[in-house]
Amino acid sequence: MKTEITIDSYRDIAPKGTIDLIYNLVNRLKGRSLLHVNSTKLGGGVAEMLLRLVPLFNNLGIQTRWEIIQGTPLFYQTTKSFHNALQGQPQIITDEMFNEYKKVNQKNARNISFDSDVAIIHDPQPAAFIYKKPKKAKWLWRCHIDVSRPNRKVWNFLREYVARYDGAIFSLPSFAQKLAIPQFLVYPSIDPLSDKNKELPRAQINSVLDKYAIPRDKPIILQVSRFDRFKDPLGVIKAYELVKKHNECCLVLAGGGATDDPEGLQVLNEVKEAAGNDKDIFVLDLPPDANLEINAFQRAATIILQKSVKEGFGLTVAEGMWKGKPVIGGAVGGINVQIVYGRTGYTVNSIEGCAYRIRYLLNNPLALNELGENAKEYIRRNFLITRHLCDYLALMIKMLNI
Ligand code: UDP
């Protein structure tokens with residue numbers, strides 16, 4: 001039988017004092033309720049965090065529901081285009097697409113109960129629900145994407161909705177917008193007790209490697225990501241090819257789709273083509289619940305990459321660092337707040353830079369180990385779910401003015 005994870009399970013992991021602080025905050029929120037709304041139950045960082053946060057809120061006695069907006073193919077195509085445009089890519093968005101966005105939001109709003117003291121509405125997909133906000137409730141729009149240089153047309157469209165919220169939450173100060181409502185900074189987090197991050201016995205790690213025929217006798221360079229152009233999987237392959245001229249290693253690109261991301265298959269095919277017949281490149285299209293597998297890959301890896309060219313936060317960076325691995329990541333968005341250059345890993349700006357740092361670490365095992373140890377401690381202090389809970393609880397108190 002699975003033992004239930006309670007907040008006390010984190011006492012020996014979270015920084016000292018965190019659990020007591022959580023209990024103090026919860027005491028002030030007795031009888032209050034919370035609603036989260038997003039667009040997918042599986043795949044991607046938002047679902048990953050809600051899957052862990054929602055049970056913990058309930059466990060603490062704060063009645064918490066999680067609702068999901070159900071879209072049409074055109075709706076998901078539209079919101080993916082919004083996502084791309086908000087992260088600065090040129091996109092063509094037609095009136096029909098804007099209308100579909102409104103229509104799906106209106107239709108879903110009829111079937112969801114919005115009865116709760118506080119609601120956190122995640123990302124653009126359900127942002128238009130704001131028109132359903134009950135008078136006494138406090139609603140926060142939680143933005144997980146890099147909106148530092150958004151496409152104006154899409155942001156202006158979305159802004160109409162966002163401006164009606166009681167507050168907005170961003171993952172980095174540089175994502176804050178010109179808005180008349182209060183804006184808050186909350187960093188995302190990982191759960192050290194989830195299947196994705198918990199300790200695994202060596203035998204289990206080995207059996208996962210064997211299952212995917214990944215060699216155990218050479219260094220593994222790993223990137224875990226949805227197959228998305230912002231994650232630059234093709235750049236990862238090019239960096240690996242530069243490394244491979246000098247160092248023996250293999251590359252694992254482990255990914256999968258999210259139900260609200262219609263572009264994944266196309267990118268996966270491009271990645272497979274770029275990998276060609278190289279026997280040391282493993283392109284793995286995993287089911288969305290392959291948490292133990294991803295955990296095992298991260299623990300087996302020598303170096304973890306997250307070579308994104310845009311990134312809201314990049315949970316995979318924290319996941320890799322938590323496993324005591326140095327992470328080499330694109331110098332963008334939330335990757336910059338997780339990787340302390342030269343202390344916990346390296347941020348890079350090019351394929352060549354990425355290859356250079358991979359080679360540097362492969363050739364310097366002492367530096368590799370030291371960075372990995374620092375990385376784990378850095379995540380423990382800053383990016384665990386317990387800190388995230390504190391932030392959300394404090395925000396609820398602030399919004400309810402209690
Ligand atoms: N992930 C997964 N399977 C995959 C690809 C990603 O479980 O095939 C997980 C990954 O481990 C991480 C999350 O999805 O927990 C991705 O979050 P991140 O912030 O890195 O990127 P996002 O997908 O939200 O842009």
Side-chain angles (χ1 to χ4, degrees), residues 5 9-10 12-15 45 48-49 51-52 187-212 214-216 218-225 231 236 249-256 282 284 286 289-308 311 313-329 334-335 337-340 343-347 357-358 361-362 364-388:
I5 293 179
S9 320
Y10 296 84
D12 296 337
I13 308 171
E48 179 82 17
M49 287 184 283
L51 276 167
R52 307 302 300 181
Y187 290 127
S189 66
I190 60 161
D191 184 347
L193 300 181
S194 67
D195 282 348
K196 177 77 55 70
N197 297 310
K198 69 185 184 187
E199 295 285 339
L200 290 183
R202 188 72 229 178
Q204 192 173 357
I205 299 171
N206 287 345
S207 84
V208 171
L209 293 184
D210 293 348
K211 179 175 159 197
Y212 290 91
I214 297 168
R216 287 202 247 145
K218 48 179 117 177
I220 296 172
I221 315 297
L222 169 72
Q223 176 159 301
V224 175
S225 274
K231 312 283 183 183
V236 168
C249 61
C250 62
L251 173 67
V252 177
L253 281 160
F282 299 82
L284 309 178
L286 301 173
D289 58 352
N291 296 317
L292 286 168
E293 278 87 346
I294 289 175
N295 188 344
F297 294 143
Q298 288 167 331
R299 287 181 189 280
T302 308
I303 296 168
I304 291 181
L305 306 182
Q306 192 52 58
K307 213 202 137 318
S308 305
E311 191 63 79
F313 184 72
L315 282 183
T316 49
V317 174
E319 289 165 6
M321 290 169 69
W322 179 246
K323 279 124 196 160
K325 310 292 167 167
V327 177
I328 300 172
I335 297 178
V337 298
Q338 298 181 75
I339 296 178
V340 183
R343 292 279 180 269
T344 69
Y346 292 100
T347 42
R357 283 301 169 191
I358 296 173
L361 289 175
L362 287 179
N364 290 280
L366 282 179
L368 186 139
N369 286 336
E370 193 188 326
L371 260 55
E373 280 170 24
N374 294 344
K376 178 163 188 183
E377 183 56 18
Y378 197 68
I379 295 303
R380 196 180 74 80
R381 291 192 193 190
N382 297 291
F383 299 113
L384 295 187
I385 190 169
T386 36
R387 193 235 67 236
H388 204 169

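In this chain, numbering begins with 1 at the start of the sequence shown.
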In Å and rounded to the nearest 0.5 Å, what is the [atom1] to [atom2] distance from [X] to [Y]?
X      : Y      : atom1 : atom2 : result
Ile294 : Asp289 : CD1   : CG    : 9.5 Å
Tyr378 : Thr344 : OH    : OG1   : 7.0 Å
Ile221 : Leu253 : CD1   : CG    : 11.0 Å
Asn382 : Ser189 : CG    : OG    : 12.0 Å
Ile328 : Ile335 : CD1   : CD1   : 12.0 Å
Arg216 : Ile205 : CZ    : CD1   : 10.5 Å

Do Ile385 and Ile190 pass the side chain to side chain contact (heavy atoms under 4.5 Å, CB included) test, and can you show the C-alpha distance, the side-chain angles, and the key distance before you say yes or no?
-> CA-CA 5 Å; Ile385 190 169; Ile190 60 161; over 6 Å; no

Which residues satisfy the side chain to side chain donor-acceptor pair (under 3.5 Å) test with [X], sequence neighbours excluded?
X      : value
Asn374 : none
Tyr10  : Asp191
Gln298 : Glu319, Lys323

Quick check: do [X] and [Y] have side-chain heavy atoms less than 4.5 Å from each other?
X      : Y      : result
Tyr187 : Arg387 : yes
Cys249 : Thr302 : no
Phe297 : Ile214 : yes
Glu377 : Arg380 : yes
Val208 : Leu200 : no
Glu199 : Arg299 : yes
Ile358 : Leu305 : yes
Tyr212 : Glu293 : yes

Nearest heavy-atom pair of [X] and [Y]: which atoms, and what distance?
X      : Y      : value
Ser9   : Ile13  : O-CD1, 4.2 Å
Leu222 : Ala254 : CD1-CB, 4.4 Å
Gly329 : Ile339 : N-CD1, 3.6 Å
Pro326 : Leu371 : CB-CB, 3.9 Å
Leu286 : Ala290 : CB-CB, 4.0 Å
Pro188 : Leu315 : CB-CD2, 4.1 Å

Step by step, would you call Asn291 with Ser194 a side chain to side chain contact (heavy atoms under 4.5 Å, CB included)?
-> CA-CA 8 Å; Asn291 296 317; Ser194 67; over 6 Å; no

Could you pull out all residues at least two apart from Ser225 that satisfy side-chain contact (heavy atoms from CB on, under 4.5 Å)?
->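 Ser225 satisfies side-chain contact (heavy atoms from CB on, under 4.5 Å) with Gln223, Lys231, Gln306 only.
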
Worked verdict on Arg52 versus Glu48 for salt bridge (charged side-chain N to carboxylate O under 4.0 Å, His left out) | CA-CA 7 Å; Arg52 307 302 300 181; Glu48 179 82 17; over 6 Å; no

List the steps, then state whether side chain to side chain contact (heavy atoms under 4.5 Å, CB included) holds for Gln338 with Val327.
-> CA-CA 9 Å; Gln338 298 181 75; Val327 177; over 6 Å; no

Using the test ring-ring contact (aromatic ring centres under 6.0 Å, His included), find all partners of Phe313 that sit at least two apart in sequence or belong to another chain.
->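 Result, ring-ring contact (aromatic ring centres under 6.0 Å, His included) vs Phe313: Phe383.
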
Salt bridge (Lys or Arg N to Asp or Glu O under 4.0 Å) against Lys198, all qualifying residues, sequence neighbours excluded = Asp195

